[in-house]
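Only one structure is covered here, and it is reproduced in the block below.
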Amino acid sequence: MNTIEDNTWNVIPGAGLGLLEFGMTPAQVAVLIGAPKKTRPIWNGSGFKEFRDLELPIIGYGTDGKLKDIEAGSRVIGVYFHDLNIFTEEPEKVVRVLHEANGKAVHYGLGTFAFWNLGITFGGIFNQETERFYTLKDYSEGEQDDRSLAVWPKNDQRWNNLKSEFTEFNL
């Protein structure tokens, strides 16, 4: 299922998250997950974002007012990629599963792993200073939990413009 009531948010690469589909209007999104608590312009003028409770995804719209990206933080319950629960599995395992599904090299930059073929980024999971993945134990022991997974259309020019900021990462 993909409903708010059953707390399931299935990642649909290139198409959306759960019942949220790219191209929806703010009114269509509000019918599914309620009205936003805050709306903020994106810093570079490329659209705006809607914010609700931390247990719901952040919704990004382009200048045309259509849903362009969806970001789920670790407090969004039931975010799945196939059978893998993104936020209850070890981050390194999630990266390996996404890497396999992506079919290409994993890229890392700006604190985030990018899976270009899937239209997915996954961040807040790697310590650049120690060059190791955080573990679920780290988060339970007080490490700030900034994990987030973003889904976006695969050919979205905004993400293509960031590719130069990412380098290949060997697992």
Side-chain angles (χ1 to χ4, degrees), residues 1-89 91 94-95 97-98 101-102 106-125 139 144-166:
M1 296 289 306
N2 280 312
T3 68
I4 305 308
E5 291 77 30
D6 73 4
N7 287 325
T8 302
W9 298 92
N10 291 310
V11 174
I12 306 161
L17 182 68
L19 296 173
L20 302 172
E21 298 176 3
F22 298 127
M24 291 178 121
T25 65
Q28 291 170 314
V29 170
V31 167
L32 296 174
I33 61 174
K37 290 189 173 186
K38 291 181 187 176
T39 300
R40 300 261 192 251
I42 296 173
W43 66 273
N44 63 3
S46 63
F48 61 97
K49 297 232 179 222
E50 290 183 338
F51 300 86
R52 292 162 174 79
D53 293 328
L54 293 174
E55 293 79 16
L56 291 171
I58 298 168
I59 309 300
Y61 299 91
T63 55
D64 62 358
K66 303 286 185 173
L67 196 156
K68 297 284 189 210
D69 60 78
I70 306 163
E71 182 178 344
S74 61
R75 292 192 48 188
V76 178
I77 297 170
V79 178
Y80 285 88
F81 180 77
H82 301 299
D83 293 333
L84 182 75
N85 188 320
I86 298 295
F87 297 119
T88 62
E89 292 288 347
V94 174
V95 168
V97 168
L98 292 172
N102 190 56
V106 174
H107 287 82
Y108 179 78
L110 307 172
T112 301
F113 286 88
F115 306 91
W116 303 119
N117 287 348
L118 296 173
I120 293 173
T121 58
F122 188 40
I125 58 169
Y139 300 122
Q144 183 170 329
D145 190 351
D146 291 330
R147 291 175 293 161
S148 67
L149 180 116
V151 184
W152 35 272
K154 296 177 203 175
N155 296 319
D156 188 307
Q157 190 58 42
R158 294 172 304 151
W159 289 103
N160 288 334
N161 291 340
L162 287 176
K163 284 186 177 180
S164 65
E165 302 292 329
F166 287 75

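The first residue in the sequence is number 1, and the count goes up from there.
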*Determine whether W9 and L19 make a side-chain contact, defined as any pair of heavy atoms from C-beta on separated by less than 4.5 Å.*
no
*Heavy-atom closest pair, residues A72 and F87*: O-CZ, 3.3 Å
*Separation of I59 CD1 from K68 NZ (nearest 0.5 Å)*: 14.0 Å
*What's the spacing between S148 OG and I86 CD1 if we round to 0.5 Å?*
11.5 Å
*asked:* Could you go through V11 and V79, starting from their C-alpha distance and side-chain angles, then the distance that decides it, and tell me whether this counts as side-chain contact (heavy atoms from CB on, under 4.5 Å)?
replied: CA-CA 7 Å; V11 174; V79 178; 4.2 Å; yes
*Heavy-atom distance under 4.5 Å between the side chains of R147 and I125, does that happen here?*
yes
*Do R75 and D145 pass the salt bridge (charged side-chain N to carboxylate O under 4.0 Å, His left out) test, and can you show the C-alpha distance, the side-chain angles, and the key distance before you say yes or no?*
CA-CA 9 Å; R75 292 192 48 188; D145 190 351; over 6 Å; no
*To the nearest 0.5 Å, how far apart are CD in E71 and CG in L17?*
11.0 Å
*Given F81, which of L98, V151, L149 fulfils the side-chain contact (heavy atoms from CB on, under 4.5 Å) condition?*
L98
*Picking from E50, K49, K66, what satisfies side-chain hydrogen bond (donor to acceptor under 3.5 Å, both in side chains) with Y61?*
E50
*State, with a plain yes or no, whether a side-chain heavy atom of V76 is found less than 4.5 Å away from one of L56.*
no
*N102 side chain vs N117 backbone, donor-acceptor pair below 3.5 Å*: yes
*Check G23 against Q28 and note the closest heavy-atom contact, atom names and distance.*
O-OE1, 4.4 Å
*asked:* Is the shortest side-chain heavy-atom distance between P36 and F51 below 4.5 Å?
replied: no
*Out of I33, V31, L32, which residue meets the side-chain contact (heavy atoms from CB on, under 4.5 Å) rule with V29?*
I33
*Tell me whether the guanidinium CZ or amine NZ of R40 lies under 6.0 angstrom from the six-membered ring centre of F48 and within 45° of its axis.*
no
*Identify the two heavy atoms, one from P57 and one from L20, that lie closest to each other, and give their separation to 0.1 Å.*
CG-CD1, 4.4 Å
*asked:* Using 0.5 Å steps for rounding, measure from the CH2 atom of W152 to the OG1 atom of T121.
replied: 7.0 Å
*From T112 atom OG1 to Y108 atom OH, the distance as rounded to the nearest 0.5 Å*: 7.0 Å
*What are the two closest non-hydrogen atoms of D53 and K37, and how far apart are they?*
OD1-NZ, 2.5 Å
*Between F122 and F113, does the ring centre distance come in under 6.0 Å?*
no
